[in-house]
Amino acid sequence: MQIDIITIFPEYFREAFDFGIIRRACAAGLVNIRAHDLRAWTSDKHHVVDDRPFGGGDGMVFKPEPIFAAVKSLTGASRRESMAAGKRVLLLSPQGRQFTQAVAADLAVSEQLILICGRYEGVDERVADALVTDEISIGDYVLSGGEPAALVVIDAMVRLLPGALGSETSAANESFSAGLLDCPQYTRPPDFEGIRAPEVLLTGNHAEIARWRRESSMEKTKRNRPDLLK
Ligand code: 9D3
């Protein structure tokens, strides 16, 4: 999979993919990730990427031309209709549909992903109208730009690429993804400063341990994520 990020802060991503599962996936050739400076696709002397909003108002809006030029040079297409099947153009924006595990799984089968990172005031809507295949938000809170959201989307997706995880891990993961929260985990010592691990986990009684795990998953889900049980 080829992943291209379009941003005015390419340095933001400099070491972001150098750790853990993503680093391994890159090293194994499962994915190639590049962050590109949007200013490279400007043609004026000062590399201007934004302008004042039509109709007035505070702040600045990303101009369409550099973004269309960037996507054209990275994909060969400058309209959604002419985008090859398997290429997806994502706009990270607070107006997007909510990113979920199902969206991650859908994106993970792409051959090329373009992620366009907006900034606070926004992006000329013709980008969303004519170029973007998926407008995505990572949740209902305010970020200062699309860059942290791009990291989240890439992380969730790359670990789903075939070969990115050990086979046992990925199979176990599947069965969990829609149901309950994970059960609590403990390791040595059994008594840490008077705080004890649950005795049942120390017994070696596997039937009892399985029951305890189901029940504590359920309790934790009720307390922290009651919406998952509705
Ligand atoms: C809806 C908020 N807008 C009303 C004035 C302002 C605004 C806030 C934050 C416009 C852009 C941004 C920058 N955020 C993103 O680019 C962004 C984002 C987010 O803020 N929350 C969750 N997901 C995302 S994906 C991109």
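Keep in mind that what you see is a predicted model, and the values were worked out from it rather than measured. Just follow the structure's listing: the first ligand is 1, and inside any ligand the first atom is 1. Basis for what follows: all heavy atoms, side chains included, without hydrogens, waters or symmetry-related copies.
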Donor-acceptor check, side chain of Arg159 to backbone of Ile22, threshold 3.5 angstrom: yes or no? no

Closest protein heavy atom to atom 5 (C) of ligand 1, given as residue, atom name and distance to 0.1 Å: Tyr120 OH, 4.3 Å

When you compare ligand 1 with Ile136, is there at least one nitrogen or oxygen pair between them that comes in under 3.5 angstrom? no

Could you give the distance from CG (Leu115) to NE2 (His36), rounded to the nearest 0.5 Å? 10.5 Å

The protein heavy atom nearest to atom 21 (N) of ligand 1 is Tyr141 O, 2.8 Å

Identify the protein heavy atom lying closest to atom 3 (N) of ligand 1, giving its residue, its atom name and the separation to 0.1 Å. Gln95 NE2, 4.8 Å

Touching ligand 1 at all, Asp140? Heavy atoms, strictly under 4.0 Å? no

Counting each atom of ligand 1 from 1 as listed, which ones have a heavy atom of Val142 under 4.0 Å away? 8 (C), 9 (C), 20 (O)

Examine Glu121 against ligand 1 and note whether any of their N/O atoms are separated by less than 3.5 Å. no

By number and element, which atoms of ligand 1 are closer than 4.0 Å to a non-hydrogen atom of Leu143? 9 (C), 12 (C), 13 (C), 14 (N), 18 (C), 19 (C), 20 (O), 21 (N), 24 (C)

Show which atoms of ligand 1 fall inside a sub-4.0 Å distance from at least one heavy-atom site of Ala149. 25 (S)

Nearest protein heavy atom to atom 17 (C) of ligand 1, by residue and atom, and its distance? Pro94 CD, 3.8 Å

Show the atoms of ligand 1 that are less than 4.0 angstrom away from any heavy atom in Ser93. 25 (S), 26 (C)

For Arg119, counting its heavy atoms only, list the atoms of ligand 1 lying under 4.0 Å from any of them. 11 (C)

How many angstroms lie between OG1 in Thr221 and CG in Asp227, if you round to the nearest 0.5 Å? 9.5 Å

Top protein contact for atom 23 (N) of ligand 1, by heavy-atom distance: Ile138 N, 3.0 Å

Out of Gly139, Gly146, Cys117, Gly57, who is nearest to atom 16 (O) of ligand 1 when you count heavy atoms only? Gly146

With distance as the sole test, does Arg80 use its side chain to make a donor-acceptor pair with the main-chain N or O of Ala128 at under 3.5 Å? yes

Who pairs with Trp212 by side-chain hydrogen bond (donor to acceptor under 3.5 Å, both in side chains), at least two apart in sequence or on another chain? none

Is there side-chain contact between Ser144 and Arg119, with heavy atoms separated by less than 4.5 Å? yes

Shortest non-hydrogen separation from Asp58 to Glu121 and the atoms involved: O-CG, 4.4 Å

Any side-chain heavy atom of Tyr12 within less than 4.5 Å of one from Leu151? yes

Do Met218 and Glu215 make a side-chain contact, defined as non-hydrogen atoms from C-beta onward lying under 4.5 Å apart? no

